[in-house]
Amino acid sequence: MSAEERRSQIEALLREHKELDVSYIVNSFDVSSVTIRNDLIYLERNGIVERKFGKVVLKMDFPSFSIFDPHTIKELDAKEKIGKHAARLINDNESILLYTGSTTLQIARFFPKDKHAIVVTNSLSIANELRKESLAKIIFLGGNLNIETGSTYGIGAIKQLEYYNIDKLFLAVDGISASGGITNDQPFETDINNAMINKAKEVIVVADHTKIGVDRFVKLQSLDKVDRLITTSKADAEELKRISALGVKIDIV
């Protein structure tokens, strides 16, 4: 039996029973517990199940608006670590701004379920993820829609943002370096990036190790606008020292 067939059968079992012990699933297939664990991780990443201690539960079905396919997200394990850590920085009753990106999507996935925060976002995928289980009040920024990223930008989104006071911005970038600051590849989203940065009391950049020491096409801001960087342990240590020397607090996960 192929992995695809086995995962399909596991999903069918869960759709029938809604909740199963992991041991039951292991005993139902002639494979190791490690293999079943990987199958369940795959199903969880695809939004089909939720893993709990010793059991797995079928998640409610929601229409999918996500353009981020778990199969194609680069460095997904690293981004999940960043997302989990970032989510722990969110406090009750804070106003949070999540800019679109596959890394900020992980913050939405691991958003603390007991926090009554207000979350502002320009990402369809993030808004859809948050509405599943979190207690967050979601505010979606209108404006022009970027079909490629499933996110909004432009004067409409910026004007709406002017009404809000933001405690923390979690910003995904395409590059961050001591010499080049924070950069991205989307020139038409520069204005909304800068509007978000200027509205937030605390700017937190989330970037895996592949973005560290990298300068991309458009410069957004120098690092004096960044309060904290969350990255992974594979990041270039010397570059992190240079970034830290400019006053940026660095969390390595």
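Hydrogens, waters and symmetry mates play no part in the numbers below; they use all other heavy atoms, side chains included.
Around CZ of Arg37, the count of heavy atoms belonging to other residues, nucleotides or ligands within 6.0 Å does not exceed 12. Within a 6.0 Å radius of CG in Asp30, no more than 12 heavy atoms belonging to other residues, nucleotides or ligands are found. The number of heavy atoms from other shown groups lying within 6.0 Å of OH (Tyr164) is above 12. Within a 6.0 Å sphere centred on NZ of Lys234, other residues, nucleotides and ligands contribute 12 heavy atoms or fewer.
At least one donor-acceptor pair under 3.5 Å links the side chain of Ser28 to the backbone N or O of Tyr24. Without hydrogens or angle criteria, Asn122 side chain to Thr152 main chain gives a donor-acceptor distance under 3.5 Å. Remark: side-chain polar atoms of Glu202 are not paired, donor with acceptor, to backbone N or O of Val226 under 3.5 angstrom. Checking side-chain atoms of Asp236 against main-chain N and O of Glu239 turns up a donor-acceptor pair under 3.5 Å. In this structure a side-chain-to-backbone donor-acceptor pair under 3.5 Å is missing from Ser151 to Ser123.
Contact check for Ile96 versus Val120: no side-chain heavy atoms found under the 4.5 Å cut-off.
For Arg45 and Asp77, the salt-bridge test passes: some basic side-chain N is under 4.0 Å from an acidic carboxylate O. Ion pairing of Lys115 with Asp92 is absent here, as no side-chain N (NZ or NE/NH1/NH2) approaches a carboxylate O to less than 4.0 Å. Taking 4.0 Å as the cut-off between side-chain N and carboxylate O, Glu19 and Lys52 do not count as a salt-bridged pair. The residues Glu11 and Arg15 are annotated as salt-bridged, a charged nitrogen and a carboxylate oxygen being separated by less than 4.0 angstrom. By the 4.0 Å N-to-carboxylate-O rule, Asp39 lies close enough to Arg6 to be salt-bridged with it.
Between the CD1 atom of Ile139 and the OG1 atom of Thr121 there is a distance of 11.0 Å, given to the nearest 0.5 Å. The line from OG1 of Thr232 to CD1 of Ile82 is 5.0 Å long, rounded to the nearest 0.5 Å. From Lys81, atom NZ reaches atom OG1 of Thr231 across 11.5 Å, with rounding to the nearest 0.5 Å. With rounding to the nearest 0.5 angstrom, the CZ atom of Arg228 is 5.0 Å from the NZ atom of Lys249.
For the residue pair Ser222 and Asp224, a side-chain donor N or O sits within less than 3.5 Å of a side-chain acceptor on the partner. Side-chain contact annotation: Asp251 with His85, donor-acceptor N/O pair under 3.5 Å present. Side-chain atoms of Ser177 and Asp215 include a donor-acceptor pair closer than 3.5 Å. In this structure, a donor-acceptor pair under 3.5 Å is present between the side chains of Glu189 and Asn146.
Linking ILVMFWY side-chain heavy atoms closer than 4.5 Å, directly or via other members, places Ile90 and Leu171 in two distinct hydrophobic clusters.
Evaluated for a side-chain contact (heavy atoms from CB on, under 4.5 Å) with Lys168, the options Leu97, Leu98, Ile204 yield exactly one hit, Ile204.
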- Going through the distances and angles, do Tyr153 and Phe188 end up as a ring-ring contact (aromatic ring centres under 6.0 Å, His included)? CA-CA 8 Å; Tyr153 66 99; Phe188 51 84; 5.1 Å; yes

- Verify side chain to side chain contact (heavy atoms under 4.5 Å, CB included) between Val205 and Ile230, making sure each step is shown before the conclusion. CA-CA 6 Å; Val205 171; Ile230 305 175; over 6 Å; no

- For salt bridge (Lys or Arg N to Asp or Glu O under 4.0 Å), just list the numbers for Lys199 and Glu162, CA-CA rounded to whole Å, side-chain angles, deciding distance to a tenth of an Å, and then say yes or no. CA-CA 8 Å; Lys199 287 295 294 185; Glu162 290 177 359; over 6 Å; no

- Task: Verify side chain to side chain contact (heavy atoms under 4.5 Å, CB included) between Asn38 and Leu40, making sure each step is shown before the conclusion.
- Result: CA-CA 5 Å; Asn38 290 334; Leu40 296 179; over 6 Å; no

